[in-house]
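Read the structure below first, then the notes.
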Amino acid sequence: MELVHSGKVRDVYADGDDLVLVATDRVSVYDVVLPTEIPDKGKILTQLSLWWFRQLADVVPNHVISATDVPAEWAGRAIRCRRLEMLPVEWIARGYLAGLGLKEYEKSGAVSGVALPSGLVEASKLPEPIFTPTTKATEGHDEFITYADVVEEIGADTADRLRDVTLEVYRRGAAIAAERGIIIADTKLEFGRAADGTLVLGDEVLTSDSSRFWPAADWEPGRPQHALDKQFVRDWSATVTGWDRTPPGPEIPEDVVAATRARYVEVYETLTGERWES
């Protein structure tokens, strides 16, 4: 095994022709890795992604080779994957107005060049899901781009195909989650090309690190929602006096760690119908 990349929350190892993607318990907010880990986070996200990959197998191919043919020390948190040439775009679908999408709308009435009706507020449901891509920055923060920018970057055929797939993944996932009482407000996907040119869904999918999850019973536009995702840690970090969102990040208190872990477990159990066993 050769470590080829250590990201904010994942480590990638080369093993022959395959890659082994290991999800750690690290957590990052505002592109800063915090010094405190969330126990079981990597395992929960890995198992939830595997569940979603199975639900979405008829929508788009994914990078999974095996969830069991991995080193024993990473069992439950690692996936053996196909090597992909990743595309330089964050593929984001939004069904509700929140986060940076809300801020962009408040400035311009649009998100990634997609004009939206006037009068929307925080957590408003959009008339229909929209595609709002961003750059995939290796340093600093991702920036909103338009669909035309994506076409210029990777070509019209690929842009068309993956825009449609992104929206279909979101619609399918949102419908499944709605049946279980959870709103998926938005989600971020990553795609790459396999050696044969096939467009493949990679990384993670519809997890609490890549999506906004809200309890449907509590949804009320015009205010912040009860976050069942990483937003809970972001919101906590905003209360830390003096932190300017640059490294080093603050230590997470035990009660916030426990509450964060509980949210990850709740989403996993609610969506999959399976009890989480640590």
Side-chain angles (χ1 to χ4, degrees), residues 9-10 20-27 37-70 72 74-82 91-96 98 129 165-191 200-219 225-233 257-278:
V9 299
R10 284 179 179 77
V20 176
L21 186 67
V22 182
T24 73
D25 292 337
R26 300 191 293 264
V27 62
E37 295 187 340
I38 307 298
D40 288 335
K41 172 179 174 284
K43 290 185 177 181
I44 295 168
L45 296 187
T46 297
Q47 296 308 310
L48 184 55
S49 284
L50 288 167
W51 185 84
W52 278 118
F53 282 132
R54 292 192 293 271
Q55 312 307 308
L56 300 165
D58 64 321
V59 177
V60 59
N62 62 67
H63 66 165
V64 178
I65 296 173
S66 174
T68 56
D69 183 15
V70 298
W74 297 327
R77 67 171 67 245
I79 302 174
R80 181 174 294 275
C81 306
R82 289 190 275 174
W91 303 82
I92 298 171
R94 299 177 186 273
Y96 294 76
V165 168
T166 297
L167 290 171
E168 181 58 23
V169 167
Y170 174 78
R171 290 189 186 100
R172 179 79 65 89
I176 291 171
E179 294 173 353
R180 293 154 171 80
I182 290 180
I183 289 171
I184 303 180
D186 54 41
T187 197
K188 177 195 74 173
L189 306 176
E190 295 199 30
F191 295 96
V200 177
L201 177 61
D203 196 51
E204 62 182 326
V205 58
L206 295 170
T207 72
S208 299
D209 268 17
S210 63
S211 313
R212 282 188 174 83
F213 293 123
W214 303 331
D218 296 339
W219 174 60
Q225 307 301 298
H226 179 78
L228 294 173
D229 53 69
K230 194 171 71 170
Q231 186 63 41
F232 178 73
V233 183
V257 169
T260 302
R261 183 185 182 279
R263 282 163 166 78
Y264 280 76
V265 170
E266 180 180 350
V267 164
Y268 174 85
E269 293 185 339
T270 302
L271 289 174
T272 67
E274 301 170 3
R275 181 173 176 80
W276 176 256
E277 300 290 346
S278 178

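All values below come from the heavy atoms of this structure, side chains included, with hydrogens, waters and symmetry mates left out.
- Listed by chain and residue number, W214, W219 satisfy the ring pair (Phe, Tyr, Trp, His ring centres under 6.0 Å) test with Y96 (two or more places apart in sequence, or in another chain).
- With sequence neighbours excluded, no residue satisfies side chain to side chain donor-acceptor pair (under 3.5 Å) with K188.
- Checked options L189, V169, V165; the residue passing with W91 is L189 (criterion: side chain to side chain contact (heavy atoms under 4.5 Å, CB included)).
- Residues L21 and C81 share a closest heavy-atom pair of CB-SG, 4.0 Å.
- Under the side chain to side chain donor-acceptor pair (under 3.5 Å) criterion, no residue pair touches residues 43-55, with sequence neighbours excluded.
- Applying the salt bridge (Lys or Arg N to Asp or Glu O under 4.0 Å) definition to pairs two or more places apart or across chains, none involves residues 174-185.
- Looking at residues two or more places apart in sequence or on another chain, you find a salt bridge (charged side-chain N to carboxylate O under 4.0 Å, His left out) between K41 and D209.
- Proximity of P39 to V257: side-chain heavy atoms (C-beta onward) are separated by under 4.5 Å at one or more points.
- Remark: S211 engages T187 in a side chain to side chain donor-acceptor pair (under 3.5 Å) (not counting sequence neighbours).
- Taking all atoms of both residues into account, the shortest heavy-atom contact from V20 to A78 is CG1-CB, 4.1 Å.
- When all heavy atoms of T166 and A93 are compared, the pair lying nearest together is CG2-CB, 3.9 Å.
- Atom OG1 of residue T24 and atom CZ of residue R77 lie 7.0 Å apart, to the nearest 0.5 angstrom.
- A search for side chain to side chain contact (heavy atoms under 4.5 Å, CB included) contacts involving R171 returns P129, L167, E168, not counting sequence neighbours.
- Every residue two or more places apart in sequence or in another chain that forms a salt bridge (charged side-chain N to carboxylate O under 4.0 Å, His left out) with R261 is listed here: D40.
- The minimum heavy-atom distance linking A98 with R94 is given by the pair O-NH1, 3.6 Å.
- Here R82 pairs with nothing under the side chain to side chain donor-acceptor pair (under 3.5 Å) rule; sequence neighbours left out.
- Within the structure, the side chain to side chain donor-acceptor pair (under 3.5 Å) test picks out the following pairs touching residues 61-70 (sequence neighbours left out): S66-T68, D69-R80.
- Contact check for T272 versus L48: side-chain heavy atoms found under the 4.5 Å cut-off.
- Residues G95 and Y170 approach most closely at CA-OH, 3.2 Å, considering heavy atoms.
- Distance check, rounded to the nearest 0.5 Å: CG of D203 to CD1 of I79 gives 9.0 Å.
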Would Y264 and K230 satisfy side-chain contact (heavy atoms from CB on, under 4.5 Å), going step by step from the backbone distance to the final call?
CA-CA 9 Å; Y264 280 76; K230 194 171 71 170; 3.7 Å; yes
After noting the C-alpha distance and the side-chain angles of V27 and T260, does the key distance pass the side-chain contact (heavy atoms from CB on, under 4.5 Å) rule?
CA-CA 10 Å; V27 62; T260 302; 5.9 Å; no
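- Here the CD1 atom belonging to I184 is positioned 4.5 Å from the CZ atom belonging to F213, to the nearest 0.5 angstrom.
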Go through the steps to decide whether I44 and V265 satisfy the test side-chain contact (heavy atoms from CB on, under 4.5 Å), and finish with yes or no.
CA-CA 7 Å; I44 295 168; V265 170; 3.6 Å; yes
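- For the pair S208 and L45, the tightest heavy-atom approach, listed with the atom from each and the gap, is N-CD2, 4.0 Å.
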Please evaluate residues D58 and R172 with respect to the criterion side-chain contact (heavy atoms from CB on, under 4.5 Å), reporting the C-alpha separation (whole Å), side-chain torsions for both, the decisive distance (0.1 Å), and the verdict.
CA-CA 11 Å; D58 64 321; R172 179 79 65 89; 3.1 Å; yes
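- In this view, D229 satisfies the salt bridge (charged side-chain N to carboxylate O under 4.0 Å, His left out) rule with no residue, not counting sequence neighbours.
- Partners of W74 by ring pair (Phe, Tyr, Trp, His ring centres under 6.0 Å), not counting sequence neighbours, listed by chain and number: Y13.
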